[in-house]
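Have a look at the structure below, then the notes.
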Amino acid sequence: MAKIGYARVSTQDQKLDLQIDALKQHGVERIFQEKLSGIRAHRTEFEAMKGYLREGDTVVVWKLDRIGRSMKDLIATISEFQSRGIAFVSLKENIDTSTATGNLIFNIFASLAEFERDIISERTRAGLASARQRGRMNGRPKISKEKIETAIKMYHSQNYSVQEILQMAGISQSTFYRYLKQKER
C-alpha cells in the first residue's frame, strides 16, 4: 500500500518543485514526473506510473488537471484506478476516493459528465430530426459528377489555376484533390 505521486508541467520552462514538495509533504514514496502538455495523448511517465501501480496503492496529484486532459479523460482514469483497487487523491481539490466523501465527490463529477454527454446527444438527435423534417439530409452535401468532371478537365487543360477551378466549381481544395486522386487511379 504505497503512495505514488504524479507531477506534470506543460512546458520545459516550468518547474515541478511546488508539486513535488506538496507530494513529499503528503508522504508520497515515489514520484513520476513529466514536462509536457497534458493534451498529448501519450505521456510516457504517466503510462509508466500506471504500470507500476498495484492494488491497494494510492495515486496522489497536486491538482486534478495534472492527471486528466479533460473531464472525460479524468473520470476514465480514476474509474480505471478504482476497478484495480487503487485510491486517488488530489491535494488542491481535497479529493480522496478512499473516503466516503471523496468517493461521493468523484461520483458527482462522473454523473455530471455523463449528464452533459446525454444532453449533447439529445440535442444532436433533435437537431438531426428537425433537419430531416425540413428535407435536409445528414452529412456533406453531394457534389454533382458533372462539376467534378468539369473541374478535372479544367485542371488537365492547364489553362486555369487551382484557385480559379475551385471558385468556378464551388468546391474545396481538399475535395478537389480527393476526386482528382481517385480519377487518376
Side-chain angles (χ1 to χ4, degrees), residues 6-16 19 32-53 59 61-84 88 90 106 108-185:
Y6 178 71
R8 181 183 59 78
V9 290
S10 299
T11 67
Q12 293 295 323
D13 297 339
Q14 294 175 319
K15 302 264 186 264
L16 288 162
Q19 292 178 50
F32 291 82
Q33 307 172 33
E34 296 196 278
K35 288 189 173 190
L36 62 103
S37 172
I39 293 171
R40 300 242 332 244
H42 186 72
R43 296 174 283 167
T44 307
E45 287 299 304
F46 181 69
E47 294 301 322
M49 178 197 68
K50 284 174 45 177
Y52 181 83
L53 294 169
V59 173
V61 296
W62 181 62
K63 278 180 71 177
L64 282 174
D65 66 354
R66 298 299 86 196
I67 203 157
R69 298 183 305 270
S70 66
M71 182 60 84
K72 179 182 173 185
D73 186 48
L74 177 67
I75 289 168
T77 300
I78 296 173
S79 294
E80 177 189 341
F81 291 161
Q82 286 182 322
S83 70
R84 294 176 55 195
F88 174 78
S90 176
F106 169 70
I108 289 171
F109 282 163
S111 295
L112 289 171
E114 184 176 348
F115 175 70
E116 181 183 26
R117 283 191 303 271
D118 290 347
I119 293 293
I120 290 168
S121 180
E122 282 179 21
R123 283 189 198 138
T124 301
R125 283 193 304 272
L128 291 172
S130 176
R132 275 192 293 276
Q133 284 179 338
R134 290 190 311 272
R136 294 190 183 147
M137 301 306 290
N138 299 344
R140 295 179 183 167
K142 300 286 183 231
I143 299 169
S144 72
K145 223 176 190 178
E146 293 80 27
K147 260 189 188 180
I148 297 300
E149 293 295 329
T150 302
I152 291 172
K153 285 179 187 173
M154 291 170 71
Y155 177 78
H156 287 301
S157 76
Q158 297 182 349
N159 293 328
Y160 304 93
S161 71
V162 171
Q163 288 305 319
E164 289 173 320
I165 296 168
L166 300 178
Q167 205 167 24
M168 287 188 250
I171 58 176
S172 72
Q173 185 171 345
S174 59
T175 299
F176 173 69
Y177 282 117
R178 184 175 58 249
Y179 280 107
L180 183 64
K181 193 174 181 180
Q182 288 174 357
K183 190 74 169 173
E184 291 176 352
R185 284 185 193 162

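FYI, the numbering just counts along the sequence from 1.
Listed by first and then second residue, the salt bridge (charged side-chain N to carboxylate O under 4.0 Å, His left out) pairs involving residues 146-172 are Glu149-Lys183 (not counting sequence neighbours).
The shortest side-chain heavy-atom distance between Tyr179 and Ile171 does not fall under the 4.5 Å cut-off. Counting only heavy atoms from C-beta outward, the side chains of His156 and Leu180 approach each other to under 4.5 Å. Counting heavy atoms from C-beta on, the side chains of Leu64 and Phe88 come closer than 4.5 Å.
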For residues 124-133, which side-chain N or O atoms pair as donor and acceptor with protein atoms under 3.5 Å away, sequence neighbours left out?
{"from": "Thr124", "atom 1": "OG1", "to": "Ile120", "atom 2": "O", "distance (Å)": "2.9"}
{"from": "Arg125", "atom 1": "NH1", "to": "Ser121", "atom 2": "OG", "distance (Å)": "2.6"}
{"from": "Ser130", "atom 1": "OG", "to": "Arg134", "atom 2": "NH1", "distance (Å)": "2.5"}

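A search for side-chain contact (heavy atoms from CB on, under 4.5 Å) contacts involving Gln14 returns Val9, Ser10, Thr11, not counting sequence neighbours. Scored by the side-chain contact (heavy atoms from CB on, under 4.5 Å) test, Gln163 finds Ser161, Leu166, Gln173 as partners (sequence neighbours excluded). Residues that satisfy the ring-ring contact (aromatic ring centres under 6.0 Å, His included) test with Tyr52, not counting sequence neighbours, are Phe32. Residues passing the side-chain contact (heavy atoms from CB on, under 4.5 Å) test with Ser111: none are found, sequence neighbours excluded.
Side-chain atoms of Arg66 never come within 3.5 Å of backbone atoms of Ala7 as a donor-acceptor pair (strictly under, hydrogens ignored). For Glu34 (side chain) and Glu45 (main-chain N/O), a donor-acceptor pair under 3.5 Å exists by modelled atom type.
A salt bridge is defined here as a Lys NZ or Arg NE, NH1 or NH2 lying under 4.0 Å from an Asp or Glu carboxylate O, and Arg84 with Glu80 meets this definition.
Across all their heavy atoms, Phe176 and Ile152 have their closest contact at CE1-N, 4.2 Å. The two residues Val61 and Tyr6 make their nearest non-hydrogen contact at CG1-O, 3.7 Å.
Separation of atoms OH (Tyr155) and CD1 (Ile165) is listed at 8.0 Å; rounding is to 0.5 Å. Taking CZ from Arg8 and CG from Asp65, the interatomic distance works out to 6.5 Å, rounded to the nearest 0.5 Å. Taking OG1 of Thr175 as the reference point, atom CD1 of Ile143 lies at 4.5 Å (rounded to 0.5 Å). A distance of 8.5 Å separates CG in Leu74 from OG in Ser90, rounded to the nearest 0.5 Å. Here the CD-CD1 distance, from Gln182 to Ile148, works out to 9.0 Å after rounding to the nearest 0.5 Å.
No more than 12 heavy atoms of other residues, nucleotides or ligands lie within 6.0 Å of CD in Gln158, so this atom counts as exposed by the packing criterion.
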